[in-house]
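Below, read A as the first sequence line, B as the second, and so on, with proteins coming before strands; counting in each chain starts at 1. The figures that follow rest on heavy atoms only: side chains count, while hydrogens, waters and symmetry mates do not.
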Amino acid sequence: MSDLTRKTAVELSELMTSGETSSVEITQAHLDRISATDTAVHAFLHVDTEGALAQAAAVDARRAKGEELGPLAGVPLALKDVLTQDGVPTTAGSRILEGWKPPYDSTVVKRLKAAGIVILGKTNMDEFAMGSSTENSAYGPTHNPWDLARIPGGSGGGSSAAISAYQAPLAIGTDTGGSIRQPAAFTGTVGVKPTYGGTSRYGLIALASSLDTPGPCARTTLDAALLHEVIAGHDPMDSTSIDQPIPPIVEAARRGDVNGLRVGVVKELGGEGYQPGVEARFHEAVELLTKLGAEVVEVSCPHFQYALPAYYLILPSEASSNLAKFDAMRFGLRVGDDGENDAEQVMRLTREAGFGDEVKRRIMLGTHALSSGYYDAYYGQAQKVRTLIARDFTNAFEQVDVLVSPATPTTAFAIGDRVNDPIAMYKNDLCTIPSNLAGNAAASFPVGLADEDGLPVGFHVMAPVMRDDLLYQVGAALESALADQWGGVLMSKAPELEVTR
Amino acid sequence: MTVVADVMPIEDALAQYDPVMGLEIHVELNTKSKMFCGCPTEFGAEPNTQTCPVCLGLPGALPVVNAVGVESAIKIGLALNCEIAEWCRFARKNYFYPDMPKNFQTSQYDEPIAFNGWTEVVVDGETYRIEIERAHMEEDTGKSLHVGGATGRIQGASHSLVDYNRAGIPLIEIVTKTIEVPGDKAAAVAKALVSQLRDLLLALGVSDVRMDQGSMRCDANVSLKPTGSSTLGTRTETKNVNSFRSVERAITYEITRQAAILSTGGKILQETRHWHEDTGITTSGREKSDADDYRYFPEPDLVPIAPSREWVEEIRATLPEAPSLRRARLQSEWGFTDLEMRDVINGGALEYIVKTVELGVEAPAAKKWWLGELARAANESGKDLGDLGVGPAEVAEVQKLVDSGALNDKLARQVFDGLVKGEGTPAEIMESRGLALVSDDSALIEAIDRAIAANPDVVEKVNSGKPAAAGALIGAVMKDMRGQADAAKVRELLNTKLGI
């Protein structure tokens with residue numbers, strides 16, 4: 001049998017249905033791949049070998065009994081370490097949660113389990129999802145499988161690296177300012193940020209509540225759509241969850257037709273500061289869409305230029321409040337509890353030891369932005385900008401069906417390159433942030449490699465709220481048109497990882 | 001060194017200063033589940049047995065609003081004549097407290113569900129209108145237990161335990177606007193307001209309002225300004241005052257304390273103060289300053305609340321009669337004077353009389369028993385009226401026996417005594433104590449004959465045209481019968497005998 005780790009989720013599902021292989025075999029193949037490659041990649045923070053094999057065996061048993069199973073039953077998945085899984089360590093990439101085993105499943109995990117998806121383990125991430133490189137993880141950086149000296153993007157670098165290293169065919173990420181789409185772009189994979197409220201946040205360790213959105217990561221558009229469908233839908237445990245039917249995403253991913261689709265190129269997302277190779281692949285992809293029958297126009301979103309500053313006020317404000325619960329009282333790390341210190345001192349010592357620099361930086365920023373006398377100037381003002389950005393989207397979607405831009409201004413940069421320049425790091429999310437502020441759906445699809453460094457380039461598609469299907473329509477069209485050129489998905493062009501045994 | 005008296009006599013204080021008050025009253029709602037999760041809210045359960053990821057503030061957990069809590073908030077708002085917001089939000093109030101799981105309290109800030117209301121209280125026959133600033137929704141915190149010290153306080157304790165059962169129980173905070181009433185009435189008005197709110201909340205059925213269990217807690221803000229001045233003084237906030245009487249005492253104490261400081265040129269610190277029930281004083285708590293910054297912002301985990309006008313009107317239509325209006329109605333139905341009604345209310349007998357009247361007893365008779373015999377018995381045994389073991393049903397039964405002529409008032413009092421002592425039903429007590437009125441004419445006639453025989457001088461007087469003298473004979477007969485005779489019946493038989 002050919003290497004099971006190279007298969008897509010859809011192919012694995014077919015192999016299981018036809019009886020050619022089992023979920024246990026598939027799971028074991030991926031566990032082996034993880035142990036062979038993860039010393040180099042460091043995509044995982046925790047591998048749940050026993051749990052995964054048990055889940056796989058359970059699915060095999062159900063299949064043997066002739067039970068009707070979902071399309072992804074028995075397929076392995078890598079879970080970003082920011083979503084709770086009952087009894088499995090969950091750290092959000094932070095020391096402060098080292099060793100914490102949540103006593104409950106997040107809604108996303110509940111739905112994955114219900115669908116029979118096998119959870120291999122928890123993937124590395126920037127601490128509390130703060131970062132664009134996965135260098136801020138308290139447990140060390142993840143390496144980009146395309147070039148181990150480079151970052152895989154952040155904060156969901158672990159999830160995207162896991163699927164691009166063939167450690168898992170599917171992964172779950174969370175996207176607050178681009179944490180699914182930016183790593184997808186840097187690793188040549190598909191990453192989708194669903195409509196805010198389209199997937200449940202219950203059990204997602206909050207970074208910024210009004211922005212966080214769980215979503216699928218995969219190597220193909222259809223795999224992503226199938227996974228998206230599993231985790232989407234109304235959740236009564238999340239007040240901000242949208243109570244509407246899931247749009248026809250799987251059908252859109254199968255159809256992949258853009259004939260007559262009106263596509264708007266966002267004028268403000270391109271030009272100066274964008275890497276030439278990124279721009280070149282982006283324009284080729286736009287041309288390809290035109291060839292496929294899409295109607296392409298340029299659209300202006302004048303307030304997008306204020307998205308980054310607004311985001312970097314709203315996010316730290318919410319984060320400063322969300323992270324207040326990490327106080328050494330009930331879970332996680334506790335430092336200084338020797339009878340010499342009172343509760344507040346224990347809390348101070350624990351936070352000092354448990355939070356990394358970026359987290360502290362953002363807590364201070366957010367605390368300041370919310371404090372009396374500054375609220376109106378910072379947080380209040382940022383919320384107004386947010387409204388204007390949402391209005392830009394509304395206006396644009398009156399003219400076009402989807403908006404497009406490069407997913408990131410550059411390709412993956414070298415590890416250590418931007419750690420001392422937070423602003424340069426923040427600018428990585430220029431294209432992705434407006435969609436988080438407005439809450440609409442967006443995704444990154446691979447459209448080739450930049451000429452200057454041979455690294456993947458992501459194509460960014462933005463769709464109206466609850467029109468996530470349009471993303472898949474565009475992604476699938478590009479994917480099938482480019483398949484001939486690449487001899488498969490873009491991932492097939494990735495260099496082989498050196499395997500340690 | 002100048003020796004400064006701790007407090008100034010209240011009369012002197014009020015001669016120099018006008019008090020200004022503001023009350024914040026926290027009420028725990030009696031919803032079955034917590035404000036933002038499905039955990040039960042039962043009081044007194046084993047510590048930490050009524051918790052879940054949401055009310056423990058575990059990473060990842062999210063709140064969902066309890067619709068019944070919102071309904072209760074609207075009820076309270078309407079009953080306090082408030083406007084109900086068409087659209088409002090929760091906010092986060094960020095501060096650290098060891099028993100507050102998320103280290104922010106989900107509360108309402110600039111967008112409360114109910115605002116701009118009023119209510120009236122009556123003190124010594126005067127009506128005072130109290131303006132209500134707002135009534136907003138929030139969640140309660142957990143409770144700390146300090147172990148290993150002598151006092152149960154954190155000082156000297158070896159460690160602390162936290163019980164999160166109370167964390168997340170819905171609270172309504174009712175905030176008054178500034179209350180300025182004549183100084184000698186201030187404390188009494190505050191007490192009356194809290195007491196009336198309690199009645200109102202009970203009538204609404206939204207809270208158990210047990211001040212002893214902390215389901216109603218009052219914070220009293222007090223400041224003084226020199227008589228006639230319009231400049232507000234610095235205020236103190238006395239926290240968690242836990243009974244009506246304490247509200248009155250704490251406010252009086254703060255007036256006397258602040259007056260003593262101000263009169264010697266001292267300054268009042270803006271601070272929270274703790275009320276001590278045992279010693280009747282307040283002591284300094286946390287100093288409140290501008291550094292107290294809660295960093296409020298709209299709660300991003302919850303969508304806004306927009307109660308439809310139809311819903312609000314539906315709720316309004318189901319509101320029970322306001323206690324103050326109900327009292328006025330009952331007073332008029334019962335024909336009581338203001339003074340009588342006040343006695344009834346102060347005696348805590350209103351609801352018992354209502355129920356007794358519902359059982360067919362005339363209001364004056366019901367009042368007579370509850371405020372007379374039963375109030376005395378309660379007083380003597382140090383119990384509440386409700387804990388005597390005598391209810392409206394027993395009172396109605398005794399009154400029925402009086403009406404039928406089986407008992408007179410004097411005998412009825414003995415039946416009540418038996419009831420309080422747990423001697424059985426009224427009938428059993430009559431039987432065992434031998435209390436029934438003698439209705440047998442022949443027994444009465446025999447007694448009359450004995451009285452006539454023993455008092456020839458009285459008979460002589462009657463016969464000589466002084467029928468009023470017969471009263472002495474009736475007295476003798478009643479004495480002979482040990483009270484167990486119907487005086488009217490005796491008079492009738494005696495008159496026949498004497499030919500009057």
Side-chain angles (χ1 to χ4, degrees), chain A residues 82-84 90-92 96-97 100 102-107 128 197 200-206 208-212 235-241 314 317-318 320-327 329-332 339 342-344 346-347 366-375 379-380 383, chain B residues 36-38 48 51-66 89-106 109-110 142 144 146 148 154-155 157-162 164 167 290-305:
Chain A
V82 74
L83 285 151
T84 62
T90 302
T91 67
I96 211 157
L97 274 177
W100 182 58
Y104 75 107
D105 276 338
S106 51
T107 298
F128 287 108
S200 170
R201 289 185 298 115
Y202 189 77
L204 160 58
I205 298 175
S209 305
S210 72
L211 304 164
D212 297 342
D235 177 13
M237 300 288 278
D238 176 358
S239 158
T240 59
S241 167
I314 292 168
S317 296
E318 292 185 13
S320 70
S321 173
N322 282 331
L323 296 183
K325 67 178 55 161
F326 297 94
D327 59 5
M329 291 292 141
R330 284 148 295 134
F331 48 80
D342 66 21
E344 294 204 28
V346 169
M347 175 177 77
T367 304
H368 183 68
L370 286 179
S371 57
S372 72
Y374 297 98
Y375 180 95
Y379 185 83
Q383 289 291 15
Chain B
F36 300 114
C37 65
N48 296 309
T51 59
C52 72
V54 177
C55 58
L56 286 176
L58 292 188
L62 294 175
V64 177
V65 174
N66 180 339
R89 272 191 294 199
F90 280 98
R92 290 189 186 176
K93 183 180 184 181
N94 293 281
Y95 63 105
F96 172 72
Y97 211 71
D99 57 18
M100 191 170 64
K102 297 171 291 191
N103 286 332
F104 59 78
Q105 184 183 29
T106 306
Y109 177 50
D110 50 353
S144 298
H146 306 294
I154 195 161
Q155 288 79 13
S158 69
H159 61 285
S160 300
L161 300 171
V162 188
Y164 292 102
D290 295 337
D292 219 356
D293 185 349
Y294 293 120
R295 290 172 284 118
Y296 282 103
F297 72 105
E299 167 59 272
D301 284 331
L302 290 170
V303 289
I305 297 168

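For the set A:Gly203, A:Ser210, A:Ala92, the entry with the most heavy-atom pairs within less than 4.5 Å of chain B is A:Gly203. Note: B:Asp301 leads B:Val54, B:Asp301, B:Val303 in heavy-atom pairs under 4.5 Å with chain A. Heavy-atom pairs under 4.5 Å with chain A were tallied for B:Pro300, B:Cys37, B:Pro59; the largest tally goes to B:Pro59.
What you find for A:Glu318 and B:Arg92 is that their closest heavy atoms are O-NH1, 4.1 Å. Residues B:Asn103 and A:Asp327 approach most closely at ND2-OD2, 2.8 Å, considering heavy atoms. In terms of heavy atoms, B:Gly60 sits closest to A:Tyr104 at C-OH, 3.1 Å.
For a residue to count as touching a neighbouring chain, one of its non-hydrogen atoms must lie under 4.5 Å from one of that chain's; by this rule A:Asp212 does not touch chain B. Looking at B:Asn94, only its side chain comes within 4.5 Å of chain A, counting heavy atoms on both sides. Heavy atoms of A:Phe331 lying under 4.5 Å from chain B belong exclusively to its side chain. Neither the backbone nor the side chain of B:Phe36 comes within contact range of chain A; no heavy atom of the residue lies under 4.5 Å from a heavy atom of that chain. Of the two parts of A:Pro102, neither the backbone nor the side chain holds a non-hydrogen atom closer than 4.5 Å to a non-hydrogen atom of chain B. Proximity to chain B (any heavy atom under 4.5 Å) is shown, for A:Thr367, by both the backbone and the side chain. Interface remark: A:Ser371 contributes backbone and side-chain atoms alike to the contact with chain B (heavy atom separation under 4.5 Å). Contact of B:Phe104 with chain A is made through the side chain alone, with heavy-atom distances under 4.5 Å.
Counting heavy-atom neighbours within 6.0 Å of A:Tyr375 OH, excluding the residue itself, gives a total above 12.
We find the CG-OH distance between B:Asp293 and A:Tyr374 to be 10.5 Å, quoted to the nearest 0.5 Å. With values rounded to the nearest 0.5 angstrom, B:Arg295 atom CZ is found 10.5 Å from A:Ser372 atom OG. The line from CZ of A:Arg201 to CG of B:Leu62 is 5.0 Å long, rounded to the nearest 0.5 Å. Taking OG from A:Ser321 and NZ from B:Lys93, the interatomic distance works out to 13.5 Å, rounded to the nearest 0.5 Å. To the nearest 0.5 angstrom, A:Lys325 atom NZ is 14.5 Å from B:Phe96 atom CZ.
The main-chain N or O of B:Leu58 is never found under 3.5 Å from a side-chain atom of A:Arg330 such that the two would form a donor-acceptor pair.
For an aromatic pair to be called close, the ring centres must be under 6.0 Å apart, and B:Phe297 with A:Tyr379 satisfies this.
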